[in-house]
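Read the structure below first, then the notes.
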Amino acid sequence: MATIAYILLCHKDPQAIIDQARRLTAAGDCVSVHFDANGGAEAYGQIRAALDADPRVTFAARRHRCGWGEWSLVAATISAAQAALEAFPRATHFYMMSGDCIPIKSAEYAHEFLDRHDRDFIESFDFFDSDWIKTGIKEERLIYRHVLNERKHKRLFYLSIEWQRRLGLKRRLPEGLQIQIGSQWWCLRRQTLEAVMAFIAKRRDVVRFFARSWIPDETFFQTLVRHLVPGDEIESRTLTFLMFTDYGMPVTFYNDHYDLLLAQDFLFARKVSPEAQDLKARLGELYAAKGESFAISNEGRSLYAFLAGRGRIGHRFAPRFWENEASLGRDRELLIVICKKWHVAKRLTRRIARLTDLQVVDYVFHEEGAKLPDLGGIQSSLAKRARHRRSLMRMLYEYYDTSRMVICLDPGSLDLVQDFCSDRAVTTLLEIDCDFDDAYLAGHARRTGLASDQTPPDALARLLPTIRDALQMEADRIRDAGFANYHRLRQSATTDQNARALLRFLAVPEDVAQDLAQTEKLFDD
C-alpha cells in the first residue's frame, strides 16, 4: 500500500503545523518540514521541540527565506524533498502541501486512490501555447533575468524588464526542454522525484536558468517531470482542491464548507481559514477514520462561480458596446425571444418558421452546434460570434436575403440584449415566462455543472432555492431594464393573452398569432 511523505512548506502558526504533522503521521505517513527562515527562531524552535522525537518527521537541512514569486520557494521545496527521500526510504509518494492545506478525505481513501492510479499528479501545460496565465507578464517570466521581487519593488521590477528588452538581453531557453506551467501543488511517485533530483544535480544550467526566472514554482518541477516521465504516466492536475476569485486571490474555506469539500475529487484543500476551527476538527477526525465512502459530485468550482456571480451587474470582462461593429442597419428588424428553457423557445420558433416567412436561427450565441451557414469563419466558435456579434448578424441578414430575423437569447445574457437594443435597427423582444419546478431546477443544476448525479439529495435541496432566486434575478433584470418593444408570453396566461403578445411581437395576422399561442405542449418539460 502507498506510503506518503508530505513535503510541508510553512511560514507561520507553529501550533497548527504541529497539529497537522501529528494528524498525518498518526495515519502511518511521513512529513518533511520546511519552516520559512522569515518565520523566526522561536516559532521554529517550538516546532522542533514538539516533533523532533517523531521518527516519521524530518526537517529540511537548510531553511530558506522565501519570497512569493522567487526561486527561494523552489529551493525550499528541493531541500525538504531531499530530506524526505533520505529519511523515508519506504515512502512511495511525495505530496507537496502548505500549512494552509487540510485533508478532505480519509488517509485510507488517499492510500487506496494512489494505489489505483500509478502515475504522477502535477499540472503541466505548455507554457507558450496554453492560456494558464490569465493576467500579467507571460514570456517575460522566462526570457529576462529577474533579481527583484515584483511585490516589493514594482517600479524597478518592470523597469528592469524594459531595459533588458531595449538592450536585447533576451535569454535562450534551456536546451532540450519544453517549458511547462501549472500549480505548485503536486504528488509525485518516488522514482519520479529521484529522477528529478538526479537531473538537478546533472543540469546546473537548468537550475541557474530557473533561479533567475519569475514565479519558478509554477514552471520548474512541471517542466522537469514532463521532460523525464512518459506522458501517459502523468495526470495533469493537482490533487489539492483550490480555487481563485476573478481577482486572482485564493478562495478561503470556512466551517460551512465541510460537505462541499468532501464531494470534490481531491485529497486535500487549501486555503482553510484560521478561524474555521470546527472544519479543521471535523476533517482531522475524518482523516483517521476507517471505512468511509465518499459521493464525488465535483461541482465545487462551478458552484463557486455561480454563487460568486449572483448580484453582479453585467460581466467584468464583457466586450464594450462602443467597441463593437457598426449597426445592423436601420431598415432591419431583429426579433429576440428570451427564454431560460431553450427547448420551449425552440418549439415556438419552429412554429414561427412554419407559419410565417421569418428566418429563425435560435440560440446562435449560446449553442456551439447551432445550425449556421459558412460565413468565412466568423461563425466557427461561440467566442467569435459574441466578439463580432453585429458583423455576424449583418452577414446572416445578407445570406438569407431578409430584413426580419428571429434569434433566441438566454435571459442571463443581458449584455447581448442591451447591445442589440442600442442598435439603429429595430429590436423587438418577447420574454417567455416559464414555471420552474424542483425537477427542472435539479436538472438545470446538473446540466450546468452545479451538481451531478452523485450530489446528495439534501445538498441538492439546499441548492435549489438559490438557483430559483438566481433565475428570478435574471428575469427581473430583463424587465427592470425598461426596454422598448418588450412583450411577454407567460405559462400562466390564457391562450388569448399570449396570442395578443405574439401579435404585437411578430406583427402577424390574428389567426396566425392565435395558432402560435396554441402550439402543442409549448411549455412542457
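Ion pairing between a basic and an acidic side chain is recognised when a charged N comes within 4.0 Å of a carboxylate O; Asp205 and Arg203 show such pairing.
Across all their heavy atoms, Arg237 and Phe113 have their closest contact at NH2-CZ, 3.7 Å.
Applying the side-chain hydrogen bond (donor to acceptor under 3.5 Å, both in side chains) test to Thr240 and every residue at least two apart in sequence or in another chain returns Tyr95. In this structure Arg270 satisfies the side-chain hydrogen bond (donor to acceptor under 3.5 Å, both in side chains) test together with Ser98, sequence neighbours excluded. For the salt bridge (charged side-chain N to carboxylate O under 4.0 Å, His left out) test, no residue two or more places apart in sequence or in another chain qualifies with Glu112. Here Asp115 pairs with nothing under the salt bridge (charged side-chain N to carboxylate O under 4.0 Å, His left out) rule; sequence neighbours left out. Under the salt bridge (charged side-chain N to carboxylate O under 4.0 Å, His left out) criterion, Asp437 pairs with no residue, sequence neighbours left out. Partners of Glu150 according to the salt bridge (charged side-chain N to carboxylate O under 4.0 Å, His left out) rule, which considers only residues two or more places apart in sequence or in another chain, are Lys154. By the side-chain hydrogen bond (donor to acceptor under 3.5 Å, both in side chains) test, Glu368 pairs with no residue at all, sequence neighbours left out.
In this structure, Ser124 contributes its side chain and Gln180 its backbone to no donor-acceptor pair below 3.5 Å. Using a distance-only test at 3.5 Å, with no hydrogens or angles considered, a donor-acceptor pair links the side chain of Gln264 to the main chain of Gly300. In terms of modelled atom types and a separation under 3.5 Å, the side chain of Glu123 and the main chain of Ser183 share a donor-acceptor contact. In terms of modelled atom types and a separation under 3.5 Å, the side chain of Asn38 and the main chain of Cys66 share a donor-acceptor contact.
Taking the six-membered ring for Trp and the full ring otherwise, Trp214 and Phe157 have centroids separated by under 6.0 Å. Taking the six-membered ring for Trp, Phe199 and His227 have ring centres closer than 6.0 Å.
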Using the side-chain contact (heavy atoms from CB on, under 4.5 Å) rule, take Val251 and His257 through it: C-alpha gap first, then chi angles, then the decisive distance, then the call.
CA-CA 12 Å; Val251 172; His257 286 128; 6.0 Å; no
Evaluate side-chain contact (heavy atoms from CB on, under 4.5 Å) for Trp342 paired with Asp410, printing each intermediate quantity in order.
CA-CA 8 Å; Trp342 295 5; Asp410 187 276; 3.0 Å; yes
Assess whether side-chain contact (heavy atoms from CB on, under 4.5 Å) is satisfied between Gln454 and Asn298, documenting all intermediate values.
CA-CA 9 Å; Gln454 286 72 46; Asn298 217 32; over 6 Å; no
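The ring pair (Phe, Tyr, Trp, His ring centres under 6.0 Å) test with Trp186 singles out one residue from Phe121, Phe221, Phe268, and that residue is Phe221. Between Trp71 and the options Phe220, Phe209, Phe210, a ring pair (Phe, Tyr, Trp, His ring centres under 6.0 Å) holds for only Phe220.
Sequence neighbours left out, the pairs with a member in residues 217-226 that pass salt bridge (charged side-chain N to carboxylate O under 4.0 Å, His left out) are Arg141-Glu218. Note on residues 22-40: no pairs pass salt bridge (charged side-chain N to carboxylate O under 4.0 Å, His left out), not counting sequence neighbours. Among residue pairs with one or both ends in residues 272-297, none qualify as salt bridge (charged side-chain N to carboxylate O under 4.0 Å, His left out); sequence neighbours excluded. Listed by first and then second residue, the salt bridge (charged side-chain N to carboxylate O under 4.0 Å, His left out) pairs that reach into residues 253-262 are Asp259-Arg462, sequence neighbours excluded.
In this structure, His64 and Glu70 have side chains that are not in contact, with every pair of non-hydrogen atoms separated by 4.5 Å or more. Contact annotation: the side chain of Ile215 approaches that of Trp68 to within less than 4.5 Å [non-hydrogen atoms, C-beta and beyond]. Residues Ile78 and Met197 are in side-chain contact: their nearest non-hydrogen atoms beyond the backbone lie under 4.5 Å apart.
Donor-acceptor pairing under 3.5 Å is recorded for the side chains of Ser297 and Glu299.
The aromatic rings of Tyr440 and His444 lie parallel to each other, their planes meeting at an angle below 30°, with 60° marking the opposite boundary.
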Anything under 3.5 Å between a donor and an acceptor, one on a side chain of residues 81-92, the other on a protein residue two or more places apart or in another chain? List them.
{"residue": "Gln82", "atom": "NE2", "partner": "Glu86", "partner atom": "OE2", "Å": "3.3"}
{"residue": "Thr92", "atom": "OG1", "partner": "Thr3", "partner atom": "N", "Å": "2.9"}
{"residue": "Thr92", "atom": "OG1", "partner": "Thr3", "partner atom": "O", "Å": "3.1"}

